[in-house]
Every structure is written in C-alpha cells, then in structure tokens.
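Written below as structure tokens is the structure these notes are about.
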Protein chains: 2
Amino acid sequence: PYERTTSDFFIPEDVRIDLTKKNEAANQVMPNSQLPQLDNYHSLVPLDTTHRKNASIFGYNSWVYKAKATRTGTVVCLRRLQDFRLSNEHAIRSVKEWRRIVSANVVQTHDAFTTRMFGDSSLVFVQDFHPLSQTLAEAHLATSSHGGRFAQKNPIQESVLWSYITQIATALKAIHGKDLAARCIDVTKIILTDARANRIRLGACSILDVVHYEARRPVAELQQEDFINFGRVILSLATNTHPSNLNNINGSIEQLSRVYSVELRDTVLWLLSPQQPPAQKGIEEFMRGIALHAFAQLDVEEQGRDADKSHLSTALENGRQFRLMLKLAAINERHELNGDPNWSENGERYLLKLFRDYCFHQVDADGNPVLDVYHMITCLGKLEAGSEEKVCLTSRDEQTSFVVSYKELKKQLGSAFGDLQKASKQAKGL
Amino acid sequence: PYERTTSDFFIPEDVRIDLTKKNEAANQVMPNSQLPQLDNYHSLVPLDTTHRKNASIFGYNSWVYKAKATRTGTVVCLRRLQDFRLSNEHAIRSVKEWRRIVSANVVQTHDAFTTRMFGDSSLVFVQDFHPLSQTLAEAHLATSSHGGRFAQKNPIQESVLWSYITQIATALKAIHGKDLAARCIDVTKIILTDARANRIRLGACSILDVVHYEARRPVAELQQEDFINFGRVILSLATNTHPSNLNNINGSIEQLSRVYSVELRDTVLWLLSPQQPPAQKGIEEFMRGIALHAFAQLDVEEQGRDADKSHLSTALENGRQFRLMLKLAAINERHELNGDPNWSENGERYLLKLFRDYCFHQVDADGNPVLDVYHMITCLGKLEAGSEEKVCLTSRDEQTSFVVSYKELKKQLGSAFGDLQKASKQAKGL
Ligand SMILES: Nc1ncnc2c1ncn2[C@@H]1O[C@H](COP(=O)(O)OP(=O)(O)OP(=O)(O)O)[C@@H](O)[C@H]1O
Ligand SMILES: Nc1ncnc2c1ncn2[C@@H]1O[C@H](COP(=O)(O)OP(=O)(O)OP(=O)(O)O)[C@@H](O)[C@H]1O
Ligand SMILES: [Mg+2]
Ligand SMILES: [Mg+2]
C-alpha cells in the first residue's frame with residue numbers, strides 16, 4: 001500500500017512563502033503616514049526605497065506609491081511627477097491610447113490625473129500594482145553602497161538575458177503594433193514582477209507621451225529609438241554597467257563577447273545600430289531573428305503554468321474543505337437558535353457534533369489525542385463528496401453509536417446550515 | 001468607503017468547477033471492475049469511451065487506463081497493447097530515451113513493461129495522466145453518430161490552429177533536438193489536456209520505437225515523416241476531415257484556403273511537401289517561419305499564467321485559514337486531555353472558545369444569527385497575521401468580557417495546539 005504524505009495536501013512551502021509575502025506587501029499599511037488622501041485613492045505607501053531625487057528620465061522628480069482605489073478596493077500603483085503643470089488638456093488624454101495596450105510584459109496603465117493634494121501641482125499615473133517588484137537595476141546592477149564601494153552582483157545567466165529579450169520584444173510588438181512607442185526602455189523603469197519566473201514588464205510607458213505632448217515627434221522615429229534603448233538595456237545588464245556609464249559602446253560589446261554567445265552579441269549589435277533612413281528596423285523582423293528563443297521561453301512558461309495549475313488544484317481542495325469547516329463551525333456548539341438553547345445538540349446537529357469529534361478529536365486506545373491531518377482531510381473530503389461510505393459515530397459517554405453515511409451527514413449539514421440561514425437576517429456569501 | 005465582496009475571497013466559479021471536475025476525474029474509481037491489479041499499479045479505470053478496436057496505428061489493439069501507482073499513490077495513464085510479444089529485451093529499453101523528453105507539449109513517458117495479468121501477453125506504457133483529456137479527433141472532428149449521420153462541429157478558429165501549430169513545433173523541437181522522432185503525430189494521439197487554454201500534448205510517442213524496434217529506420221527519415229504527419233493533422237483539423245479520408249490533398253488545401261489565411265495555407269504546404277534528398281527540412285527552420293505566432297502565444301500564456309497565479313494567491317489565503325481552522329477544531333470542545341475533562345474549557349482554551357463564538361456565532365441585536373463570511377474571514381485573517389488589534393470576547397452568560405489582541409490569541413492557539421501535540425503519539429502534518 002502507498003501513503004500520500006501531508007505535503008500532497010498543501011502547497012509547497014516556497015511557493016506559499018512567496019505568495020504570502022506578496023499578499024502582505026499588497027496589504028501593507030503605514031500607520032502614521034504624512035501622505036495625503038487623494039480623491040479616488042487612499043492609504044498611500046511610498047515604494048521608492050532611496051530618497052535620491054532623480055529627474056533625468058522624465059524631467060521631473062518622480063515618486064511611486066502603492067494606494068487603494070476607493071471605489072473598488074483594489075490596490076494600484078501611482079507614479080507622481082512633482083511640480084508638473086499641465087499646459088494642454090489634450091496631453092493627459094493621450095493616456096487613453098495606453099489603456100488599449102494589454103500585454104503580459106507591459107504594466108497596465110489605467111488613468112492619469114493632476115492633483116494639488118501633495119501641496120504642489122502633481123501629475124499622477126495610475127497603473128497595476130505588482131507586489132515586491134524590483135527594477136532591473138535594483139535586481140541586477142551593482143550599486144555603490146554607503147561605504148562608496150560597489151556591491152558586485154553575479155553575472156546574469158545567458159538564458160535569463162534571452163528571456164528578458166523575448167519579453168521586451170513581446171512588449172514592443174504590442175506597443176508598436178498599436179502605433180505607439182515605449183519611449184522609456186530603461187533598467188530603472190523595467191520591473192521584475194516575478195523573480196522566480198524572470199517575468200519583467202515595461203513600467204513607465206505613457207508618461208513621456210503626456211509630458212512631451214507639446215514637442216511631439218514622429219512615432220516612427222521614437223520607435224527606432226526604442227530599439228536602441230532596448231540594446232542599451234541588454235548591454236548594460238550583460239556588462240553590469242549603469243546605462244549612464246555606458247560611454248564606450250565598443251568596449252562594452254567586447255566585454256559582453258567574452259561571457260556570452262555570438263548570437264547574443266549580434267542581437268545587441270543589431271539593436272544598437274541605427275538604420276540609414278529611409279530604411280527602418282521593425283519589431284517583427286527582430287522577432288523572426290530570435291524565434292528559437294521565443295519557443296524555448298514558451299515551453300518554460302507552459303511548464304511553469306502547469307505547476308501553478310496543479311498548486312491551484314491542491315489549494316482548491318483545501319478551499320472547499322475550508323468552506324465546509326466554516327459551516328460546521330457556525331453550527332457546532334452554537335449556544336442557541338430561535339430561542340432553543342439546545343439547537344446545536346439536538347437532532348441532526350447532534351450527529352454533526354459527533355462527526356466533528358470523530359474527525360478532529362480522535363484518541364488512541366490509551367486516550368491520547370491522535371492528530372492526523374490525513375484523517376481530518378480525508379473525512380472532510382468524503383463529507384464534501386457526499387460519499388456513500390458509512391462512518392460509525394459514538395456518543396461521548398460511549399453509550400450510543402450511530403452508523404451514518406457521509407452522504408447523509410452532508411445532507412444534514414446542508415439542512416442545519418439552511419436553518420441558520422433562514423434565521424439569519426444577514427447571511428452573506430457561504 | 002469600498003467593500004470587498006465575498007467573491008474576492010474565493011476563486012471564480014468557472015475555474016473552480018473546471019478544476020473540481022478534473023480532481024474528481026483523477027480520483028474516480030470503478031466499484032466492480034473486472035480489470036486486473038498489476039504489480040505496481042492498481043485501481044485501473046478504462047479511458048477508451050468507444051469499444052471500437054482499432055489496430056491501425058500501432059498494429060495492435062490498444063487500450064488506455066487510468067491507474068494508481070502503488071508505491072507513490074500518484075495517478076498515471078497506462079496504454080496497453082494487446083497480444084504483444086516482446087522478441088528483444090533491448091526494445092523496451094528504448095523507452096529510457098523518452099524519459100529525457102520534458103516538454104509542455106509532450107505527455108511525459110515514465111516506463112514500459114510487459115505483463116500477463118490481462119490474460120494475454122500485453123505491453124504497457126506508463127505516462128502522466130491528464131484528467132478529462134480529449135483527443136484532437138474527439139474534440140474537433142465530426143463523428144458519425146449512432147444514426148449514421150455526422151455531428152458537424154464548428155470550424156476551428158485560425159488563432160487556435162496557430163496555437164496548435166506552435167505547440168506541435170515546440171514538441172518536435174524537444175524531440176528532434178534529442179535525436180528522436182515523434183513517429184505518431186495523429187489527431188487521435190494528440191490530446192487536448194486543457195481545453196480552456198487550448199493546451200495540447202503529443203500522447204503516444206515512444207510506442208513505435210519499441211514496437212518497430214527490429215525494423216529500425218534512420219531517425220532522419222522518421223523526422224522528415226513527422227513534418228508530413230504534422231501537416232496532415234493541421235489539414236485534417238482545418239477541413240474537418242478524418243485523416244483516413246484525406247485522399248485528395250489538393251482539394252483539401254483548396255478547401256482550407258477558402259476559410260483560412262494564405263500564411264496558414266503556405267505553412268501546411270511546407271509541412272506536406274517532401275524535400276528532394278539530400279535536402280532535409282528542419283524544425284528550427286520551421287520555427288523561424290512562424291516566429292510571430294510563437295510570440296503571440298507567449299503573450300497569451302503569460303497572461304493566462306498571471307490569472308492562474310492570482311487565483312492561487314486567493315486560494316492560498318483560504319488554505320492558510322483552513323489550517324488554522326483545523327487547529328481550532330481540534331481544540332474547541334475536545335472532551336478531555338490528559339485526563340482533564342475540562343481542558344478545552346479552561347485557561348487559554350476558554351478564550352479560544354469565546355473567539356470561536358465571536359467569529360462564527362455572531363447574533364444581531366434581536367438574537368438572530370449573523371452569517372457574515374466577510375466577518376469570519378477577516379477575523380481568521382487577523383488571527384493568522386497575529387494582528388495587534390484587540391477584540392472583546394464575551395462569555396456566554398454575558399457576565400464577563402475579555403479584551404485580548406489577535407496576537408495573544410494566536411499565541412494561545414499555538415500553545416494549546418502544542419499541548420495537544422505533546423500529548424499525541426500520532427501527530428502528523430499540521
Ligand atoms: N507598477 C508597479 N508595481 C509595483 N511596484 C512598482 C511599480 N512600478 C515601480 N515599482 C517599484 O517602485 C520602486 C520605485 O520605482 P522607480 O521607477 O521610482 O525606481 P527608482 O529606482 O526610484 O528610479 P528613479 O531614480 O528614476 O526614481 C521600485 O522598486 C519599483 O520596483
Ligand atoms: N495521458 C493521458 N491522460 C489522460 N487521458 C488520456 C491520456 N492519453 C489518452 N487519454 C485519453 O484516453 C482516451 C483513449 O485514447 P486513445 O488514444 O485510445 O484514443 P482512441 O480515440 O480510442 O484512438 P484509437 O482508436 O487509436 O484507440 C482518449 O479520450 C484520450 O483523450
Ligand atoms: Mg524613484
Ligand atoms: Mg483507444
């Protein structure tokens with residue numbers, strides 16, 4: 001005979017911890033926050049860990065917050081540009097275009113608005129929130145620590161770089177395909193939203209479309225720039241160099257070649273080399289060139305998804321049994337119903353109480369408790385399934401025994417819970 | 001203020017039903033089965049829904065069963081070839097090669113063995129089991145019903161066909177890349193393992209390597225045949241024609257062109273056209289040709305995976321609270337511990353009992369029960385998190401109140417459960 005271990009009943013520890021931390025991060029609050037409450041968003045928590053101000057990318061100091069949408073209760077990410085004055089009402093409407101970009105590798109943009117709530121005139125972008133994200137720079141690039149020395153990071157595996165390349169290409173396909181340009185392909189504006197799966201997303205598209213609305217440039221030109229910035233991101237990651245320090249491109253390419261394949265080098269070179277107008281680079285041409293990597297990534301993603309699905313299936317069994325336990329708990333030992341102080345002890349409820357004892361309060365021959373999750377879960381599983389199997393329930397004084405099928409118990413649980421619901425003016429959701 | 005609805009606390013109904021059905025299918029048993037118990041596998045359930053015998057593919061009648069592996073308790077899929085006599089011991093070892101093929105689009109092969117348990121001499125292949133799979137033929141091709149008429153199916157969307165094409169290409173890449181050939185690309189041997197996600201897997205590779213072991217042919221030749229069979233599968237699906245009825249290829253191509261794009265037609269033509277030796281077709285060449293579809297599929301898969309992950313996260317919260325409830329249930333009203341009949345009523349256990357009342361037995365001002373899942377789940381969530389928040393617990397006679405933080409309650413739960421575990425000779429898994 002075989003034995004299922006209790007780990008078959010629950011989700012693997014590492015997966016659980018990872019998701020738990022993400023949940024906690026999404027629900028985190030700041031008790032004595034000085035941050036304002038906005039019209040449609042509250043409970044702001046700052047996500048910028050450094051207090052360094054850096055206006056180099058948008059031309060304005062920018063701040064990132066987690067916040068809760070008042071109407072829906074969903075958690076969102078807000079990016080605020082400080083001291084921004086909107087000179088043209090149309091500018092902000094260009095965000096609308098970005099709402100249509102739905103891609104696994106682009107952070108979804110929802111809205112933009114101006115506000116004076118921060119004590120200045122700010123422009124705020126509303127995006128999906130991805131808990132515990134890090135920028136590619138944070139995740140991979142050496143940072144000067146307080147002592148002024150550099151914290152060296154390990155070189156990135158080539159397979160991870162290819163994964164990033166296919167993902168940025170996927171993002172650009174979605175963006176260029178809708179006649180937009182990303183405009184902001186930068187190691188500090190691409191976020192790693194799932195480190196275990198190497199999942200990245202372009203995080204700050206749409207912003208420059210609003211900020212530089214007046215100085216509009218042809219989208220074709222901006223798209224060509226996207227390729228060059230794409231190349232710089234990969235070069236920067238491959239050589240562990242902040243893009244601002246990428247002064248000698250040939251030297252960096254040289255350095256890359258020493259660690260990575262010719263194919264990677266040629267791919268980066270293609271991205272970095274401008275075309276002689278009127279010739280233009282196209283994202284589809286690029287995708288064809290790296291086709292095999294896309295297929296490899298696809299296989300990995302599908303296998304990862306299979307694992308996620310099987311965890312979900314386990315979790316679901318737990319979830320169904322959890323609902324059942326909520327019901328049992330609402331019935332067992334309830335101290336009265338409809339004026340009857342013995343409601344929970346009488347009739348079918350008495351059997352449910354004995355079932356609870358049988359399921360959770362087992363003792364061995366010497367009267368020592370038996371804590372056997374396998375037993376608990378199998379009992380609940382059979383109750384859930386309404387199995388024909390019979391179980392012998394013994395009263396506490398051991399004078400009476402009842403032989404009853406799980407099917408009957410399930411019916412009795414339904415009926416007792418139905419009584420409760422009928423008596424209840426506020427029954428929600430079970 | 002916003003309100004989370006109870007649907008935020010549970011997984012969407014359709015996802016839940018889908019996974020539940022799969023779970024049920026995996027756990028299904030046949031009470032009065034005539035099927036034998038094998039050396040390492042028991043509880044066989046037949047998966048062939050038709051009783052039609054068909055030896056056309058393997059040269060032997062074949063049967064598919066679900067079974068349980070005795071040692072591990074995992075559910076597997078067994079494919080049995082009836083009346084097969086193994087003439088060469090080496091033949092069966094060729095399955096080893098197939099164990100190394102790990103791909104999202106190939107059913108994983110684990111083992112093969114011969115047995116006389118079925119009353120004949122059978123060859124059995126052990127594979128992963130994918131609950132509620134259908135063959136592509138079952139899912140898409142018109143079948144003659146009992147009345148002899150054909151049940152017409154809707155034409156398959158082009159995007160679905162492309163998804164299938166990228167997946168079969170992914171499978172072939174894994175197989176040809178390890179110097180093997182699939183040999184069995186057939187609408188009845190490719191299974192749809194997740195219809196919601198259009199996920200397919202090659203289901204019967206490895207079999208012909210064993211069966212035709214003696215008549216070995218060069219693998220390069222077999223790989224070239226894979227392309228042609230690949231083309232026939234797509235043509236068959238696109239024209240809703242069983243492959244055995246694909247007699248007029250040009251006519252079928254013509255028919256395909258009327259519904260689908262030129263690109264699809266050219267892709268199928270490429271697959272079907274043999275090369276003039278010594279020229280050979282290669283899977284990588286094919287992949288480059290359909291690169292854009294691979295990227296599209298990648299985006300879809302990643303978005304699907306994100307959704308799965310978020311369900312998993314919800315389910316996980318449920319799961320953690322479920323564990324907590326198992327503990328509470330093991331303590332509350334336990335009728336004695338270590339000879340103390342009042343154990344569950346005394347000290348910290350008394351508070352846990354009052355907490356249970358507070359969480360599950362709420363009543364409104366008139367004494368009617370309040371069944372509020374939001375309340376139950378939030379209370380359990382705070383207990384799980386060990387929140388500093390305080391809660392006022394009132395005794396049943398309403399004479400005494402205790403103000404206690406969730407943090408303290410969590411500690412008390414841990415300690416009471418610790419007592420139980422200490423007293424228990426058989427504590428497993430909580
Ligand atoms: N949509 C998002 N969801 C969750 N976290 C995000 C999101 N966008 C950004 N973040 C996180 O917020 C933090 C700050 O982002 P930001 O873009 O300001 O990076 P930065 O390193 O501060 O760059 P800069 O110097 O340009 O401000 C980063 O850790 C990033 O991972
Ligand atoms: N690995 C597997 N896991 C779960 N189900 C499978 C697996 N392999 C096959 N099946 C299912 O078993 C059933 C029988 O498969 P089989 O290959 O015998 O198809 P068939 O239509 O009976 O073809 P044939 O006429 O060649 O026997 C199909 O419904 C198929 O989806
Ligand atoms: Mg910042
Ligand atoms: Mg069959």
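Lettering of chains follows the sequences in order, A, B, ..., and the numbering in each one begins at 1. Since this is a predicted model, take the numbers as computed values, not measurements.
- Using a 4.5 Å heavy-atom threshold, the side chains of A:E333 and B:R396 count as touching.
- Checked for salt-bridge contact, A:D357 and B:R334 miss the test: no charged N lies under 4.0 Å from a carboxylate O.
- Neither the backbone nor the side chain of A:T193 has a heavy atom closer than 4.5 Å to any heavy atom of chain B.
- In terms of non-hydrogen atom pairs under 4.5 Å with chain B, the most contact-rich of A:Q362, A:E336, A:Q303 is A:Q303.
- Side-chain contact check for B:D194 versus A:K309: some heavy-atom pair is nearer than 4.5 Å.
- Put simply, CG on B:D299 and NZ on A:K173 are 10.5 Å apart, with the number rounded to the nearest 0.5 Å.
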(request) Could you walk me through whether A:L316 and B:V15 pass the side chain to side chain contact (heavy atoms under 4.5 Å, CB included) test, one step at a time? (result) CA-CA 10 Å; A:L316 198 76; B:V15 177; over 6 Å; no
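- Between B:F322 and A:L326, the closest side-chain pair of non-hydrogen atoms is not below 4.5 Å.
- A distance of 9.5 Å separates CE of A:M325 from CG of B:L380, quoted to the nearest 0.5 Å.
- Note on A:C359, A:A315, A:A104: by heavy-atom pairs under 4.5 Å with chain B, the leading option is A:A104.
- Side-chain contact, A:N105 with B:E302: a donor N or O sits under 3.5 Å from an acceptor N or O.
- The shortest side-chain heavy-atom distance between A:I331 and B:F360 does not fall under the 4.5 Å cut-off.
- Of the atoms belonging to A:L337, it is side-chain heavy atoms, and not backbone ones, that fall under 4.5 Å from chain B.
- When heavy atoms are compared at a cutoff of 4.5 Å, A:V102 approaches chain B by way of both its backbone and its side chain.
- Residue A:R356 touches chain B through its side chain alone, counting heavy-atom pairs closer than 4.5 Å.
- Side-chain N or O atoms of B:H335 include none that pairs as donor or acceptor with a backbone N or O of A:D397 at under 3.5 Å.
- Contacts with chain B (heavy atom to heavy atom, under 4.5 Å) involve these residues of residues 282-290 of chain A, listed by number: A:E284, A:M287, A:R288, A:I290.
- Among all heavy-atom pairs drawn from A:L312 and B:I11, the shortest one is CD1-CD1, 3.7 Å.
- Contact of the A:K22 side chain with the B:S313 side chain is not registered, since no non-hydrogen atoms from C-beta on lie closer than 4.5 Å.
- The two residues A:P369 and B:A423 come nearest to each other via the heavy atoms CD-O, 3.5 Å.
- Residues B:F295 and A:T166 come closest through the heavy atom pair CE2-O, 3.5 Å.
- A distance of 13.0 Å separates CG in A:L298 from NE2 in B:H293, rounded to the nearest 0.5 Å.
- Residue contact with chain B, scored on non-hydrogen atoms closer than 4.5 Å, is absent for A:L328.
- From B:M376, atom CE reaches atom NZ of A:K327 across 10.5 Å, with rounding to the nearest 0.5 Å.
- For A:Q167, the part lying near chain B is the side chain, with the backbone staying farther off; criterion is any non-hydrogen pair under 4.5 Å.
- Note on B:R16, B:E24, B:H311, B:K353: by heavy-atom pairs under 4.5 Å with chain A, the leading option is B:R16.
- Separation of atoms OG1 (A:T314) and CG (B:L19) is listed at 9.5 Å; rounding is to 0.5 Å.
- A salt bridge does not link A:R305 with B:D306: every distance from a Lys NZ or Arg NE/NH1/NH2 to an Asp or Glu carboxylate oxygen is 4.0 Å or more.
- For B:H361 (side chain) and A:A329 (main-chain N/O), a donor-acceptor pair under 3.5 Å exists by modelled atom type.
- In this structure, the portion of A:N332 lying under 4.5 Å from any heavy atom of chain B is its backbone and not its side chain.
- Annotation: the span from B:S424 atom OG to A:D364 atom CG amounts to 7.5 Å, rounded to 0.5 Å.
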